[in-house]
Participant: 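One structure is given below, represented as structure tokens, and several questions about it will come after.
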Amino acid sequence: MSLLIFLLNNGAVSIFGIILSASFCNSFNTRRERVITLCSMTVILLLQGVLYSVWNADILRRIYPLVIHLPLVLVLYFVSKKLLWSFISVFLSYLCCQLRRWLALLIVTLASGGPMMQDIAETIITLPLLLILLRFVAPAVRRSAGRSIKPQLHFGMIPAIYYAFDYVTSVYTDLLSGGYPVVVEFMPFVCCAAYLVFLLYNSAEEQKHSQLLQVQKSLDLQLSQSVREINALRESQALASQYRHDMRHHLQYVLSCIKNGQEEQAQEYISGICHEIEAQKVHQYCENEAANLIISAFAKRAKSANINMNVQGSLSSSNIISDSDLCVLLSNALENAVNACRPFAAEGKACVIDLRFYERDNKLFLQLTNPCGEGIRFENDIPVSDHPNHGIGVQSICAIVKRYGGIYAFLVQDGRFILRLSL
């Protein structure tokens with residue numbers, strides 16, 4: 001009876017390991033794969049039964065990797081065409097076999113049972129544990145099979161180490177049962193080292209994710225600014241088209257005024273048209289066309305909100321900074337300044353935005369000051385906001401300056417917010 005239960009338990013663990021390995025290796029997709037896998041499983045189980053009848057269990061344990069695990073790896077490789085992942089799947093299923101063994105040991109310990117109860121508990125636990133692993137663990141493992149070689153090696157490192165450790169210390173030697181401290185503490189050491197490696201890897205991945213989010217935000221802002229520029233160009237084109245269309249009427253009106261001796265009225269009318277056309281003109285603050293477009297757009301926006309804007313700058317069209325980065329830098333800085341001034345302008349208070357920039361020794365220096373309210377909160381010398389979607393502009397400014405190896409400073413002095421940067 002004891003021998004029968006022992007054989008049933010060994011057959012159950014073999015079925016457990018083979019099915020789990022095949023599922024990890026994604027070898028049940030097609031009918032052909034299922035037939036090959038199930039037929040191979042049958043052959044391996046029959047081979048195991050024959051070997052049990054010829055040799056004793058101790059000899060079979062020693063040659064188990066060669067007569068059971070290696071053929072299983074070759075079958076999985078034949079089905080999946082993934083040699084490395086076939087080894088990893090077998091190692092991982094071997095590691096999962098320890099779950100059923102430990103759970104059975106727990107039951108035996110609580111029930112004060114013996115080896116026979118151990119075999120019975122392991123056999124009973126096999127099916128529900130296999131179903132749980134197939135349902136929840138196998139899909140996650142299969143997703144890792146599509147990764148590159150390096151992540152696969154990271155994934156399979158712990159199962160491979162445990163596989164080698166178990167055979168070296170429990171099957172081929174008695175180092176583990178002998179109680180040698182260096183052997184007993186080896187797997188806890190591996191767990192600790194693996195956790196620390198995972199911690200460092202996770203931290204690096206989070207940093208990469210944060211950088212990607214920052215890049216995405218910067219790209220979104222660039223896209224938003226590009227849309228704004230396109231809309232502004234469309235408005236200018238529409239106004240120019242309208243002026244061309246109305247030019248005949250304007251000239252007829254002026255001619256009529258001259259014929260009727262109303263020269264002053266004609267001059268006023270001409271001055272008004274010139275003023276409207278001038279309002280749409282892009283001012284030349286410097287030699288850089290992108291800077292002129294951005295500053296002109298925000299100067300117009302500030303003027304419509306009764307905000308004065310003083311600009312003193314000199315920037316060539318050289319490639320100190322790309323047009324897209326300059327666009328994001330100026331747009332975010334000026335937009336924050338205009339938004340900060342709006343409440344003061346709404347109350348009728350005088351508001352002045354002062355923008356100064358210049359180029360020297362192939363570096364760009366910029367200073368922007370504007371009135372600000374109280375209670376601006378700083379973290380790590382950077383202004384932050386609790387409002388949703390606020391503070392992204394400041395983050396983009398910092399990201400661009402860092403990308404060019406520059407420096408920046410945000411500060412508040414005498415009721416004015418100051419941004420200084422060089423890159």
Participant: State, to 0.1 Å, how close L326 and I321 come at their nearest heavy-atom pair, and which atoms those are.
Facilitator: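 Smallest heavy-atom distance, with atoms named: N-CD1, 3.7 Å.
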Participant: Would you mind writing out the side-chain donor-acceptor pairs for residues 69-84 within the sub-3.5 Å range, not counting sequence neighbours?
Facilitator:
residue : atom : partner : partner atom : Å
H69     : ND1  : Y163    : OH           : 2.7
S80     : OG   : L76     : O            : 2.7
S80     : OG   : K82     : N            : 3.3
K81     : NZ   : F78     : O            : 2.6

Participant: Taking all non-hydrogen atoms of both residues into account, name the closest pair between I44 and I18 and its distance.
Facilitator: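 The pair with the smallest heavy-atom distance is CG2-CD1, 4.0 Å.
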Participant: Testing the basics here: between Y408 and V401, what is the closest heavy-atom pair and its distance to 0.1 Å?
Facilitator: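 Closest approach of Y408 to V401, heavy atoms only: CD2-CG1, 3.8 Å.
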Participant: Work out which heavy atom in C341 is nearest to a heavy atom in N370; give both atom names and the distance.
Facilitator: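 So the two residues come closest at SG-CB, 4.0 Å.
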Participant: Verify salt bridge (charged side-chain N to carboxylate O under 4.0 Å, His left out) between D325 and R403, making sure each step is shown before the conclusion.
Facilitator: CA-CA 10 Å; D325 287 338; R403 193 186 311 153; 3.0 Å; yes
Participant: Please enumerate all residues that pass side-chain hydrogen bond (donor to acceptor under 3.5 Å, both in side chains) together with S93, with sequence neighbours excluded.
Facilitator: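 Testing S93 for side-chain hydrogen bond (donor to acceptor under 3.5 Å, both in side chains), a comparison that skips the adjacent residues, returns S21.
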Participant: Between N29 and R34, what is the shortest heavy-atom contact and its length?
Facilitator: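 So the two residues come closest at O-NH1, 3.2 Å.
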Participant: Please find out if less than 6.0 Å separates the ring center of F186 from that of Y162.
Facilitator: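 No, the ring centres sit 6.0 Å or more apart.
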Participant: Counting only heavy atoms from other residues, nucleotides and ligands, does the tally under 6.0 Å from OH of Y172 exceed 12?
Facilitator: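 Count over threshold, so yes.
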Participant: Name the orientation class of the two ring planes belonging to F410 and F417 (parallel below 30°, tilted from 30 to 60°, perpendicular beyond 60°).
Facilitator: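 Ring orientation of F410 relative to F417: tilted.
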Participant: Could you go through the side chain to side chain contact (heavy atoms under 4.5 Å, CB included) check for V384 and F378 one step at a time?
Facilitator: CA-CA 6 Å; V384 295; F378 285 81; over 6 Å; no
Participant: If the condition is side-chain hydrogen bond (donor to acceptor under 3.5 Å, both in side chains), which residues does E379 pass it with, not counting sequence neighbours?
Facilitator: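 With sequence neighbours excluded, E379 shows a side-chain hydrogen bond (donor to acceptor under 3.5 Å, both in side chains) to R377, given in chain and number order.
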Participant: List the atom of N26, the atom of E33, and the distance in Å for their closest heavy-atom pair.
Facilitator: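 In this case the closest contact between N26 and E33 is O-OE1, 3.8 Å.
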